[in-house]
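What follows is one structure encoded as structure tokens, with my remarks underneath.
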Amino acid sequence: MLPETYINEVEKRLRRAGRPREIIIDVMLEVQQFYGWFSDEALEQTARLLKMNPLEIEELATFYNYIYRQPVGKHVIHVCDSVICWMSEGYASFVEHMQEKLGIQMGQTTDDGMFTLLPVCCLGYCDLAPALMINQRVYGHLTAEKFDQIIEDLRREK
């Protein structure tokens, strides 16, 4: 259950915004951050908060790449899956390396709950291909060695 202070804050923001749609993505991301993912319960609470139909919230949640409708790892790795990345040298072997290193396929989470691999249609960093984003930080011109270092650094952070 969302804290009462958060519910009061959203209600204040709604009054300032005028229309619920102006703040819907922000609220969805905040609710997701509270729960760790956007569960059915989170969806229903968000719909009540914004005084919207749950189906409208579901439509946005399933459209937007950064709303997770199933549990994810601590670090979600958004792998650019655009045609530009496909054309970059070594992309296919790089993706294969990531999956082998983490022991998972795209759409899966590691057993320790640390990492989830998700393809996204484009990150907008074609000049850095192959690229990925973890915790809203973009990494580009990736190699297997760079990826391994990123993963090791994240594991040390815990």
Side-chain angles (χ1 to χ4, degrees), residues 1-3 5-7 9-10 13 23-47 49-50 54 56-158:
M1 187 71 169
L2 293 168
T5 54
Y6 177 74
I7 293 169
E9 177 59 32
V10 170
R13 289 167 54 193
I23 63 170
I24 187 170
I25 298 297
D26 291 340
V27 171
M28 291 169 69
L29 289 169
E30 291 165 1
V31 170
Q32 175 176 268
Q33 186 173 13
F34 179 78
Y35 287 108
W37 62 293
F38 204 68
S39 65
D40 290 344
E41 178 186 359
L43 186 147
E44 292 289 334
Q45 287 181 331
T46 302
L49 269 173
L50 298 175
E56 294 174 291
I57 304 296
E58 174 72 16
E59 288 171 347
L60 282 170
T62 55
F63 174 79
Y64 195 56
N65 285 333
Y66 301 95
I67 301 293
Y68 312 123
R69 291 292 284 136
Q70 60 185 7
V72 293
K74 179 178 179 184
H75 305 288
V76 179
I77 303 171
H78 294 271
V79 182
C80 193
D81 196 31
S82 72
V83 69
I84 299 299
C85 279
W86 296 347
M87 292 172 30
S88 65
E89 186 175 326
Y91 177 77
S93 62
F94 174 70
V95 170
E96 189 176 301
H97 174 79
M98 285 190 309
Q99 293 174 344
E100 286 177 14
K101 172 77 177 176
L102 297 173
I104 57 175
Q105 299 295 308
M106 287 290 178
Q108 296 180 331
T109 300
T110 56
D111 289 340
D112 62 1
M114 286 289 289
F115 301 101
T116 297
L117 269 179
L118 294 177
V120 294
C121 63
C122 184
L123 288 172
Y125 291 93
C126 299
D127 58 323
L128 301 178
L132 56 78
M133 183 166 56
I134 306 172
N135 305 334
Q136 300 186 355
R137 180 176 174 189
V138 175
Y139 299 88
H141 301 298
L142 292 165
T143 62
E145 294 77 23
K146 284 183 181 178
F147 180 76
D148 291 353
Q149 187 60 55
I150 293 165
I151 295 303
E152 295 312 313
D153 290 347
L154 290 171
R155 285 192 189 280
R156 276 195 294 271
E157 285 178 13
K158 288 214 171 188

* Verify the neighbour count for atom CD of Gln70: are there more than 12 heavy atoms of other residues, nucleotides or ligands below 6.0 Å? => no
* **Pairs involving residues 97-134, ordered by first then second residue, that meet ring-ring contact (aromatic ring centres under 6.0 Å, His included) (sequence neighbours left out)** => His75-Phe115
* **Check: Ile7 and Leu49 side chains under 4.5 Å, non-hydrogen atoms** => yes
* To do: Apply side chain to side chain contact (heavy atoms under 4.5 Å, CB included) to the pair Phe38 and Ile57, showing each step before the final yes or no.
  => CA-CA 11 Å; Phe38 204 68; Ile57 304 296; 3.9 Å; yes
* Hey, are the side chains of Ile150 and Ile134 touching, using non-hydrogen atoms and a 4.5 Å cut-off? -> yes
* Side-chain heavy-atom pair Ile67, Leu60 within 4.5 angstrom cut-off -> no
* To do: Compare all side-chain heavy atoms of Leu132 with those of Met98 and state whether any distance is below 4.5 angstrom.
  => yes
* Asked: With respect to Ile77, which candidate in Leu154, Ile151, Leu118, Thr116 satisfies the side-chain contact (heavy atoms from CB on, under 4.5 Å) definition?
  -> Ile151
* To do: State whether Lys74 and Asp112 are salt-bridged, where the test is any N-O pair (Lys NZ or Arg NE/NH1/NH2 against Asp/Glu carboxylate O) under 4.0 Å.
  => no
* Do Tyr64 and Ile24 come close enough that some side-chain heavy atom pair is under 4.5 Å? -> no
* Asked: Side chains of Tyr35 and Gln45: do they bring a donor and an acceptor to under 3.5 Å?
  -> yes
* To do: Looking only at non-hydrogen atoms, find the nearest pair between Gly140 and Lys146 and report the distance.
  => O-NZ, 3.9 Å
* Asked: Any side-chain heavy-atom pair from Leu128 and Val138 closer than 4.5 angstrom?
  -> yes
* Where Ala42 and Trp37 come nearest, the two heavy atoms and their spacing -> CB-O, 4.5 Å
* CA sep, side-chain torsions, deciding dist, call: Phe147, Phe94, side chain to side chain contact (heavy atoms under 4.5 Å, CB included) -> CA-CA 9 Å; Phe147 180 76; Phe94 174 70; 3.7 Å; yes
* Does the side chain of Met114 come within less than 4.5 Å of Leu102's, by heavy atoms? -> no
* Under the side chain to side chain contact (heavy atoms under 4.5 Å, CB included) rule, what do Thr5 and Glu9 come out as? Steps first, then yes or no, please. => CA-CA 6 Å; Thr5 54; Glu9 177 59 32; over 6 Å; no
* Rounded to the nearest 0.5 Å, how far apart are CD of Glu96 and OH of Tyr91? -> 12.5 Å
* To do: Count the heavy atoms belonging to other residues, nucleotides or ligands that lie under 6.0 Å from CG of Asp111, then report whether that count exceeds 12.
  => no
* Asked: When you check the gap from the basic side-chain N to the acidic O, do Arg13 and Glu30 get nearer than 4.0 Å?
  -> yes
* In Å and rounded to the nearest 0.5 Å, what is the CD to CZ distance from Glu58 to Arg69? -> 4.0 Å
* **For Cys85 against Pro130, the heavy-atom pair lying closest together** => SG-CA, 3.9 Å
* **side-chain contact (heavy atoms from CB on, under 4.5 Å), paired with Ile104, selected from Lys101, Met106, Gln108, Glu100** => Gln108
* **Flag side-chain contact, heavy atom, 4.5 Å: Met133 against Tyr66** => yes
* **Evaluation steps, side chain to side chain contact (heavy atoms under 4.5 Å, CB included), between Val31 and Leu2** => CA-CA 8 Å; Val31 170; Leu2 293 168; 4.0 Å; yes
* Taking atom CG of Leu43 and atom CD of Glu56, what is their separation to the nearest 0.5 Å? -> 11.0 Å
* Closest heavy-atom pair and its distance - Cys80, Cys122 -> SG-CA, 3.7 Å
* Looking only at heavy atoms, which two atoms of Thr46 and Val27 are closest? And how far apart? -> CG2-CG1, 4.0 Å
